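None of the values given here were measured: they were computed from a predicted structure. The sequence lines fix the lettering, A, B, ..., with proteins before strands; numbering per chain opens at 1.
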Number of protein chains: 2
Amino acid sequence: MKKGNVITISDVAEALGVSKTTVSRAISGKGRIGEATRQKVLAYIEEHDYKPNVIARGLAQSKTFNLCVVMPEDYALVDLPFFQEVITGIQEIAGMNEYDILLCICQENDITGLERVVRNRKVDGIVLLRTFLKDPQIELLLEKKIPFVTTGSTAYRKVKQVDNDQQSACRELTSILLMRQMKHIALLGGSESFVVNQNRYKGYQQAYQEAGREVEETLVYRNLESCAFMDRAVEEVLEKGADCIVCMDDAICIQVLRKLRQEHIKVPQDIRVASFYNSSVLENNIPSITSLSFNARELGMEACKNLLAQIEGETVPDRTLLSYEVVLKESTK
Amino acid sequence: MKKGNVITISDVAEALGVSKTTVSRAISGKGRIGEATRQKVLAYIEEHDYKPNVIARGLAQSKTFNLCVVMPEDYALVDLPFFQEVITGIQEIAGMNEYDILLCICQENDITGLERVVRNRKVDGIVLLRTFLKDPQIELLLEKKIPFVTTGSTAYRKVKQVDNDQQSACRELTSILLMRQMKHIALLGGSESFVVNQNRYKGYQQAYQEAGREVEETLVYRNLESCAFMDRAVEEVLEKGADCIVCMDDAICIQVLRKLRQEHIKVPQDIRVASFYNSSVLENNIPSITSLSFNARELGMEACKNLLAQIEGETVPDRTLLSYEVVLKESTK
DNA sequence: CTGAAAGCGCTTACAG
DNA sequence: CTGAAAGCGCTTACAG
């Protein structure tokens, strides 16, 4: 027995009068081994609570049994619970496969954290929680040929991605609003440097098309980066006679609601409002807000499955789209 | 050169016509080595971008260069940004010391995730982000004799803990309110199964004592676990003539503000309000809310330093208290 | 079916 | 000052 009374494979082998090879095989199930010896080894292991050293196994197999999750450092506050849920989903699947999660918090323009993890070969694969149109993280991983997957969509070719079907979701939401007799639906959106915002916009366009109508471009505001711009946009669409405002994310929706309240404009009486993701921040709003609902945990789980499959050398689809729900609430009544 | 064109210590040794021992020494700085050879090795390494395999080094040294951060799965939404900041602080210090962060999301009554990490010996030490009065995580780590530290206080003896000085902070906040002529300060607090809430209460008592006054026990509500209880408490303290409500955490404060708004009671005209932590959720409230301010990132950094010191075998203080600020805003004017 | 031996990529007494 | 060798705790061709 070695130090710290942690028992090793040699201890087990010695105690049983068999070779380390045999013990290893009994545990892994790989290679031929007699059922009797196998049971004997397993019994001993169970009784003496032997746990193989995962690090050592990793070294021998050139694996780490770690996955890296890269999380942005500069997230919008409303996005945090979403990321958290995704991570929880990832961990759930990872844990079931005896993998652990290495966390890497990276800023957009400083990926030294990720570089260190890669350089130190501490992980077998990586999940990118958020990506950009031009993304140094993706370029690094592509170059190093390390298995990775993104949650959310990216425009990079040949990158495995798992995402909610943002476009269809937005198409459906918009369609429903149009069917409910809303005639002038304004769209307020955030930075176009996120692919997700582009996809959402496409869905909005599509819905108009399917309804045989032209998008009213004057009611569409994109790249709204600050509260001041949002307030301004609200004022303008009100002047232009919009009867509904669709917010491309909840950060925008919060600001829109604040502005409307300030202007004493009532929802849904004076104007309808819908948002693109029902975060808990909006959950308690009065009136309740119509929005899309995505399952963040499921997103994490699927991304993790995809990554593990890649690590196992299986071929995985380039793009996996998950479903969504349109949740109709009072704000569009 | 081995597979994947990753260069190893043997490659370096061979190329230079020296032993692996020498290369190892040049890198680590341990053991005697001639300055000339040392420079030669270092130059080669630099030029050929050799990076030692951290896993292999770990195996040889019985180290992992990983730290585990245990995060609760069932947090209040307002706490999430705080945890996130703490983790960022931990990672910052960890990264500077070539350590990585293994994330472990655990529920209160299910610590299998932590058990796995411990069993697999994937980390050299652990940070517990939140603890309970009776805490299975602490008991596990104590038994396994694994270095760990908690952020926030615990009642367990012999446990290393880093915390903001909650008690002093709350004493000072309460003192200031008393000096500002508030006569009947109600206190609404959350679960007493968190040590932090006990400490905050102590500070409140202390302030009264120092002012030569008795705590008005009828204005103190603790263990407020649901919004219904909070609403009820608000109604009661209003009836009892409180002129100020101190909320022991921001989740409570949010509910109190909602209730007051609903009852058309104006802050600060009709009643003053203060909270115990200025989370971003309250940041944009109108009126702005007086509260305590703690530096979450610093908390994470200090906790990490403490843990690394423990791992190095240094003796560290049982308890480290960090400072705070009282931020006076409109809600107590 | 089982085992001796080499190997994963490092570190570190020990000897010189 | 430098190196051969053993060791960290596993796995896995290869041979029997």
Side-chain angles (χ1 to χ4, degrees), chain A residues 1-42 44-45 48-66 98 119-124, chain B residues 1-42 44-45 48-66 98 119-124:
Chain A
M1 268 236 231
K2 308 292 174 190
K3 57 183 174 182
N5 71 24
V6 190
I7 161 176
T8 75
I9 197 172
S10 301
D11 299 323
V12 176
E14 199 174 326
L16 256 30
V18 300
S19 71
K20 294 190 296 176
T21 309
T22 301
V23 177
S24 176
R25 282 203 271 255
I27 296 169
S28 68
K30 295 177 199 163
R32 301 217 159 292
I33 184 173
E35 186 54 26
T37 29
R38 186 161 166 275
Q39 290 305 336
K40 187 176 67 172
V41 173
L42 258 24
Y44 184 92
I45 283 177
H48 293 77
D49 195 38
Y50 165 68
K51 307 288 180 191
N53 183 319
V54 181
I55 307 282
R57 171 186 295 166
L59 185 60
Q61 297 185 148
S62 296
K63 292 194 65 176
T64 65
F65 301 100
N66 286 150
E98 289 291 311
R119 181 180 71 223
N120 286 346
R121 281 154 283 173
K122 283 256 195 116
V123 299
D124 298 331
Chain B
M1 266 234 231
K2 307 294 174 189
K3 57 182 174 182
N5 73 23
V6 190
I7 161 177
T8 75
I9 197 172
S10 301
D11 299 323
V12 176
E14 198 175 326
L16 256 32
V18 299
S19 72
K20 294 190 296 177
T21 310
T22 301
V23 177
S24 177
R25 281 203 272 256
I27 296 169
S28 67
K30 295 177 198 163
R32 301 218 160 291
I33 185 173
E35 187 54 27
T37 28
R38 186 161 167 275
Q39 291 305 337
K40 187 176 66 174
V41 173
L42 259 24
Y44 184 91
I45 283 176
H48 293 77
D49 194 39
Y50 164 69
K51 306 288 179 191
N53 182 319
V54 181
I55 306 281
R57 173 186 292 166
L59 184 61
Q61 296 184 147
S62 296
K63 293 194 64 176
T64 65
F65 301 100
N66 286 150
E98 289 291 311
R119 181 180 71 223
N120 286 347
R121 281 154 283 172
K122 283 256 196 119
V123 300
D124 299 331

Exercise for review: Output the single nucleotide from D:dG3, C:dC1, C:dC10 whose closest atom is nearest the side chain of A:R32.
Suggested key: C:dC1
Practice item. Please list every stem that involves DNA chain C, where a stem is a run of 3 or more consecutive Watson-Crick or G-U wobble pairs with both pairing distances under 3.5 Å. Key: C:1-3 with D:14-16, C:5-12 with D:5-12, C:14-16 with D:1-3
Under-3.5 Å N/O pairs linking protein and nucleotides 12-16 of chain D:
from	atom 1	to	atom 2	distance (Å)
D:dT12	O4	A:T21	OG1	3.2

Exercise for review: Determine the Euclidean distance between corresponding P atoms of D:dT2 and D:dA6; express it in Å to zero decimal places.
Suggested key: 23 Å
Exercise for review: Specify the residue among A:I27 and B:T22 whose closest nucleotide of DNA chain D lies further upstream toward the 5′ end.
Suggested key: B:T22
Point to revise | All salt bridge (Lys or Arg N to Asp or Glu O under 4.0 Å) counterparts of B:E98, not counting sequence neighbours | key: A:R116, A:R119
Revision key, fill the gap. Sorted by chain and number, sequence neighbours left out, salt bridge (Lys or Arg N to Asp or Glu O under 4.0 Å) with B:K51 holds for B:D49
**Study point:** Pairs meeting criterion salt bridge (charged side-chain N to carboxylate O under 4.0 Å, His left out) with involvement of residues 22-33 of chain B, two or more places apart
**Key:** none
Check your understanding: On a whole-Å scale, what distance lies between the C1' atoms belonging to C:dG16 and C:dT12?
Key -> 16 Å
**Study point:** Minimal non-hydrogen separation, A:I33 against A:T37, with atom names
**Key:** CG1-OG1, 3.8 Å
Check your understanding: Could you state the CD1-P distance from A:I9 to D:dC10, rounded to the nearest angstrom?
Key -> 6 Å
Check your understanding: Rounding to a whole Å, what distance do you find between A:Y50:OH and D:dC10:C1'?
Key -> 7 Å
Revision key, fill the gap. Out of C:dG3, C:dC10, D:dT2, minimum distance to the side chain of A:V18 belongs to C:dG3
Point to revise | Options D:dT2, D:dC10, C:dC8, nucleotide nearest the side-chain atoms of A:L59 | key: C:dC8
Review point. Between B:I33 (CD1) and C:dT11 (C1'), how many Å, whole number?
Key: 14 Å
Check your understanding: Looking at residues at least two apart in the chain, or sitting in another chain, which of them share a ring pair (Phe, Tyr, Trp, His ring centres under 6.0 Å) with B:Y44?
Key -> B:H48
**Study point:** Under the side-chain hydrogen bond (donor to acceptor under 3.5 Å, both in side chains) test, residues paired with B:E14 that sit two or more places apart
**Key:** none
Check your understanding: Looking only at side-chain N and O atoms, does A:S19 come under 4.0 Å of OP1 or OP2 in C:dG3?
Key -> yes
Review point. Checking B:K122 side chain against A:V54 main chain: does a donor-acceptor pair fall under 3.5 Å?
Key: no
Practice item. Return the value, rounded to whole Å, for the distance between atom CD1 of A:I7 and atom P of D:dC10. Key: 9 Å
Revision key, fill the gap. Per nearest nucleotide of DNA chain D, the residue lying toward the 5' end, B:E35 or B:R121, is B:E35
Study note, to complete from the structure: Between CD1 of A:I55 and C1' of C:dG9 the distance, given in whole Å, is 14 Å
**Study point:** Separation of D:dC8 P from B:K122 NZ (nearest whole Å)
**Key:** 22 Å
Point to revise | Rounded distance (Å) that lies between atom P of D:dC10 and atom CG of B:N53 | key: 17 Å
Point to revise | Partners meeting side-chain hydrogen bond (donor to acceptor under 3.5 Å, both in side chains) with A:K63 (sequence neighbours left out) | key: A:Y99
Review point. Nearest-Å distance, CG (A:N120) to P (C:dG9)?
Key: 15 Å
Exercise for review: List the atom of A:D11, the atom of A:V6, and the distance in Å for their closest heavy-atom pair.
Suggested key: OD2-O, 4.2 Å
Review point. What residues form a side-chain contact (heavy atoms from CB on, under 4.5 Å) with A:I9, not counting sequence neighbours?
Key: A:K20, A:V23, A:S24, A:Y50
